[in-house]
Protein chains: 2
Amino acid sequence: MNQRQTITDGDNSGRPGKSGDGAERHEEIHRSISDAIIEHRLRPGARLREDALAEVFGISRTGIRKILQRLALEQLVTLTPRRGASVTRPTAEEAKDVFDARQMVECGLMPEVARRITDDDLRELLEMARRERQALKSGEQSMAIRLSADFHARLARISGNATLADFVDRLCSRSSLILAVYGNPGHLGCESHDHDDLIGYLEAGNGERAQAFMGRHLKAIEASLSIVEEEAEAPDLHRIFSD
Amino acid sequence: MNQRQTITDGDNSGRPGKSGDGAERHEEIHRSISDAIIEHRLRPGARLREDALAEVFGISRTGIRKILQRLALEQLVTLTPRRGASVTRPTAEEAKDVFDARQMVECGLMPEVARRITDDDLRELLEMARRERQALKSGEQSMAIRLSADFHARLARISGNATLADFVDRLCSRSSLILAVYGNPGHLGCESHDHDDLIGYLEAGNGERAQAFMGRHLKAIEASLSIVEEEAEAPDLHRIFSD
DNA sequence: GGCCACCGACATGTATACAATGTTCGTGCA
DNA sequence: TGCACGAACATTGTATACATGTCGGTGGCC
């Protein structure tokens, strides 16, 4: 126990403040794993053993399980009974559903966003778009994907509707997973100037054009995917010998 | 109750294979609690003590905690650290967000639903609407609310988009909570024939009119709410002495 | 020589014990 | 008599121990 405490203290040495609070620590761990998945440092299919995670983060399996269940609810990890957790591998159908949902919600939100956006919002969005462009230019694809998801999520948040914004958060996270499976390496799908153009429409208060542009933007991303059902392990035989 | 559990286990002892699987039991308990909340047998604000639930359902607190966390993710219960779980009491703002979200998603789904709906779907929907009317007539408001939520959820499912259908599920559940807090007793908000009319438009394949009608339908429900911030315990003083 | 069955290791699922914390009620003092 | 402090209680948070199920290897049998 003392040893684990020592390890924990070592991990937390950077932030000694209120590290004693377990809730925030859990939040932090959730973010760590979530980010790793979104940034493709953990690829779809990767196994997530409870013991290993518990050791890495210096808490017991109990806490890890809680976090894993939450990630499962967010559909970032898949929990198979008695087999444990692994990073979700989205199916082609899920990919279509997610992008259709984004099309409906993100586009539908644009008019309200254009109405409510402030100068501060615009500044922040421009900064995010700049960093994304920079990451893209310097070949940091993981970072670029993450920043792109953040951009879309931040945009939805401006609408003032927390429920829809949370939904967009989740859709963006899942989109990152989809890109990991079906995306073409070295090609993000997002044109680098798209987000800047979008900001322009919003700055002009033109919700209609922002909405239409967002629609094209999302369609472009979706079109850049290579949706090929890479046959899984087991179903292969089933399908082959079905006749 | 525990004895009944023991008997159940005894029955299963002969076949130790998959019957011991607690996953389905958990699912069942989750549904039990979820239904109780949606049907207003558990009112917003009601405390949900882990011990009590564990005893009622004959499992240990571990399992109950898992279920409670899931319900919290679905925003049906609120988990306050060190204070435990209670049925969520939606704020007026949340109520608005939820209905705005429903407006966007459920209406947006109607054209696709009209395109894909089958005769079997229509039969099932008519049956649901009939049972709802009947419950309403016989004064079973809890049952009516539940059936209404089921109707909307089932409708969204026809679109074929599982992601959006899941989202609508959650929105409908939360709407039940909202009705519990802001609804007028004895008045459901839904006109009893609304759902039948909607089915008519869908049967005719008229997605546009179904969409418009759904919009009015949801607006009518929202308009029937009495959004009065019934001052809670603590916030009261805060707001009063904020200046 | 190949296939099946058994067995050990490992990982997860569940329960329980313990620790920490919030709440409430009682008592003492002003 | 009212308020403040404190202790007992109740409840949740965490860890660990144990049970159960799955996977991989090895040996025997056909």
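Because the structure is predicted, anything quoted here is derived from the model rather than measured. Letters A, B, ... mirror the listed sequences (proteins, then strands); counts begin at 1.
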Rounded off to whole Å, could you give me the CZ-to-P distance for the A:Arg61 and C:dA15 pair?
14 Å
Return the minimal non-hydrogen interatomic distance between A:Arg102 and A:Cys172, and the atom names on each side.
NH2-SG, 3.9 Å
Atom pairs under 3.5 Å: protein N/O with N/O of nucleotides 7-9 of chain D:
none

Those residues of residues 62-80 of chain B lying under 4.0 Å from DNA chain D by at least one heavy atom
B:Arg65
Taking only nitrogen or oxygen atoms into account, show me every contact under 3.5 Å that the protein makes with nucleotides 5-11 of chain C, one pair per line with its distance.
residue	atom	partner	partner atom	Å
C:dA11	OP1	A:Arg49	NH1	3.2

Is the backbone of B:Ala144 close enough, under 3.5 Å, to the side chain of B:Ser148 for a donor and an acceptor to pair up by distance?
no
Any chance the side chains of B:Thr91 and B:Glu93 put a donor and an acceptor closer than 3.5 Å?
no
Rounded to the nearest 0.5 Å, how far apart are CG of A:Asp100 and CG of B:Leu109?
9.5 Å
Is there a donor-acceptor pair closer than 3.5 Å between any side-chain N or O of A:Ser86 and the backbone N or O of A:Arg47?
no
How long is the span from the CZ atom in A:Arg154 to the CE atom in A:Met128, to the nearest 0.5 Å?
7.0 Å
Once rounded to the nearest 0.5 Å, what's the spacing between atom CG of A:Asp51 and atom CD1 of A:Ile64?
10.0 Å
Check for a donor-acceptor pair, side chain of B:Arg25 on one end and backbone N or O of B:Phe57 on the other, with a separation under 3.5 Å.
yes
Whether the B:Thr163 and A:Arg170 side chains hold a donor-acceptor pair (N or O, under 3.5 Å, no angle test) is what I'd like checked.
no
The reported gap from CG in A:Leu147 to CD in A:Glu127 (rounded to nearest 0.5 angstrom) is 10.0 Å
Measure the distance from NE2 on B:His26 to C1' on C:dA15 and round it to the nearest whole Å.
11 Å
Once you round it to whole Å, what is the distance between P of C:dT12 and CD of A:Glu55?
13 Å
